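These notes are about the structure you will find just below.
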Amino acid sequence: MSRIGKKPVELPSGVTASVSGQTISVKGPKGTRSFTATDDIDLIVDGNTVTVKPRGNSKRARQQWGLSRSMVANLAQGVTGGFKKDLELVGVGYRAAMQGKDLKLSLGYSHEVIFEVPAGVTVSAPKPTEVVIEGIDQQLVGQVAANIREWRKPEPYKGKGIRYKDEYIFRKEGKKK
């Protein structure tokens with residue numbers, strides 16, 4: 001039995017959920033998000049709780065059970081508090097700044113990298129060496145952070161690159177004489 005799947009999702013105050021067919025839509029103060037579950041799952045809304053149940057005992061139904069419950073919980077969290085990723089630029093001359101709606105990155109290349117921010121996500125650079133990505137869709141926030149990080153991944157010798165705020169970089173020792 002799925003430990004995650006059997007827990008009901010408690011909706012915070014100010015959040016409403018409605019089910020039509022296999023699609024659940026959650027509306028809150030930050031916006032509206034929806035998720036379509038597979039046919040192996042039943043979505044039941046009771047007041048301020050959402051319960052996810054498998055329709056059978058097949059392997060696929062058991063796999064989708066915990067996933068669907070996690071997706072519904074992420075919808076509820078996204079429309080109330082949202083999601084946030086912090087990136088840190090480490091290296092001499094590595095800088096980030098907002099240029100209109102685009103993010104301008106100086107990463108040691110001969111040119112500056114202009115990153116176009118997709119809709120549904122807000123990106124800000126409170127300091128020249130910090131980038132903050134926020135939004136109500138957890139997957140989109142993580143993907144945007146990964147796309148920005150892809151320009152200069154942290155390297156293990158000097159630790160230079162774009163890293164997540166809480167990320168630990170395993171440092172290697174250089175050449176010895």
Side-chain angles (χ1 to χ4, degrees), residues 1-88 101-103 105 113 115-124 130-156 161-170:
M1 198 171 199
S2 174
R3 288 190 218 175
I4 294 172
K6 64 184 174 184
K7 289 185 200 170
V9 177
E10 297 289 329
L11 298 176
S13 61
V15 176
T16 58
S18 61
V19 176
S20 65
Q22 288 298 104
T23 303
I24 183 168
S25 73
V26 180
K27 186 176 182 185
K30 289 203 173 203
T32 304
R33 298 259 308 132
S34 63
F35 167 69
T36 304
T38 60
D39 292 331
D40 301 315
I41 300 298
D42 280 330
L43 299 166
I44 303 148
V45 177
D46 263 350
N48 67 341
T49 61
V50 178
T51 309
V52 180
K53 298 207 181 222
R55 283 200 178 147
N57 203 17
S58 67
K59 185 175 181 180
R60 181 170 164 79
R62 286 182 282 125
Q63 289 171 342
Q64 297 294 320
W65 187 15
L67 170 80
S68 299
R69 192 263 180 208
S70 294
M71 293 297 286
V72 172
N74 286 343
L75 295 182
Q77 183 183 344
V79 296
T80 53
F83 295 98
K84 179 180 172 183
K85 288 270 187 187
D86 295 326
L87 295 176
E88 203 173 43
K101 292 189 178 205
D102 297 334
L103 180 67
L105 299 166
V113 175
F115 181 80
E116 294 179 20
V117 178
V121 174
T122 57
V123 176
S124 61
E130 280 184 20
V131 177
V132 178
I133 302 135
E134 295 176 302
I136 64 171
D137 185 358
Q138 184 181 28
Q139 192 272 332
L140 187 60
V141 169
Q143 188 62 54
V144 169
N147 290 346
I148 293 172
R149 186 176 185 266
E150 192 70 27
W151 283 99
R152 279 277 194 215
K153 284 188 178 173
E155 55 97 15
I162 302 173
R163 65 174 79 166
Y164 296 109
K165 192 86 165 182
D166 55 353
E167 184 179 13
Y168 173 76
I169 305 299
F170 179 76

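Remember, it's a predicted structure, so these values are computed and weren't measured experimentally.
Here the closest non-hydrogen pair linking Val117 and Lys101 is CG2-O, 3.4 Å. The shortest non-hydrogen separation linking Val132 to Lys84 is CG1-CE, 3.7 Å. The two residues Gly31 and Val79 have their closest heavy-atom pair at O-CG1, 3.3 Å. Taking every heavy atom of both residues into account, Ile169 and Pro156 meet most closely at CG2-CA, 4.4 Å. Nearest approach of Tyr164 to Leu87, heavy atoms of both residues: CD2-CD2, 3.4 Å. When every heavy atom of Ala61 is checked against every heavy atom of Gly56, the shortest pair comes out as CB-O, 4.0 Å.
Contact check for Glu130 versus Asp86: no side-chain heavy atoms found under the 4.5 Å cut-off. A 4.5 Å side-chain heavy-atom check between Leu11 and Thr16 finds every atom pair outside the cut-off. Proximity of Glu167 to Glu88: side-chain heavy atoms (C-beta onward) are nowhere separated by under 4.5 Å.
For the atom pair OG (Ser70) and CD (Gln77), the distance works out to 11.0 Å, reported to the nearest 0.5 Å. Between the CD1 atom in Ile41 and the CD atom in Gln63 there is a gap of 10.0 Å [rounded to 0.5 Å]. With rounding to the nearest 0.5 angstrom, the CG atom of Asn147 is 5.0 Å from the CZ atom of Phe115. We find the CG-OG distance between Leu43 and Ser20 to be 10.0 Å, quoted to the nearest 0.5 Å. Here CD1 of Ile133 is found 8.0 Å from CG of Leu103. Values are rounded to the nearest 0.5 Å.
For the residue pair Gln138/Asn74, the side-chain donor-acceptor check at 3.5 Å is satisfied.
For Ile44, the CD1 atom counts as densely surrounded, since its 6.0 Å shell holds more than 12 non-hydrogen atoms of other residues, nucleotides or ligands.
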Q: With side-chain contact (heavy atoms from CB on, under 4.5 Å) as the test, would you mind laying out the steps for Phe83 and Leu140 before giving the verdict?
A: CA-CA 10 Å; Phe83 295 98; Leu140 187 60; over 6 Å; no

**Q.** Audit row: Arg69, Val9, side-chain contact (heavy atoms from CB on, under 4.5 Å) steps and yes/no
**A.** CA-CA 7 Å; Arg69 192 263 180 208; Val9 177; 3.8 Å; yes

Q | Ile148/Leu105 under side-chain contact (heavy atoms from CB on, under 4.5 Å): CA gap, chis, key distance, verdict | A | CA-CA 9 Å; Ile148 293 172; Leu105 299 166; 4.1 Å; yes

**Q.** Working for side-chain contact (heavy atoms from CB on, under 4.5 Å), residues Thr51 and Asp46
**A.** CA-CA 8 Å; Thr51 309; Asp46 263 350; 5.5 Å; no

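One finds no salt bridge joining Lys30 and Glu134 here, because no Lys/Arg side-chain nitrogen approaches an Asp/Glu carboxylate oxygen to under 4.0 Å. The pair Arg55-Asp42 meets the salt-bridge criterion, with a side-chain N (NZ, NE, NH1 or NH2) lying under 4.0 Å from an Asp/Glu carboxylate O.
Shown are Leu75, Thr80, Asn48; of these, the side-chain contact (heavy atoms from CB on, under 4.5 Å) with Val15 is made only by Thr80. Exactly one residue among Lys59, Arg60, Lys53 makes a salt bridge (Lys or Arg N to Asp or Glu O under 4.0 Å) with Asp40. That residue is Arg60.
Side-chain atoms of Ser68 do not come within 3.5 Å of backbone N or O of Trp65 as any donor-acceptor pair. Looking only at distances, no side-chain donor or acceptor of Gln22 sits under 3.5 Å from a matching main-chain atom of Thr36.
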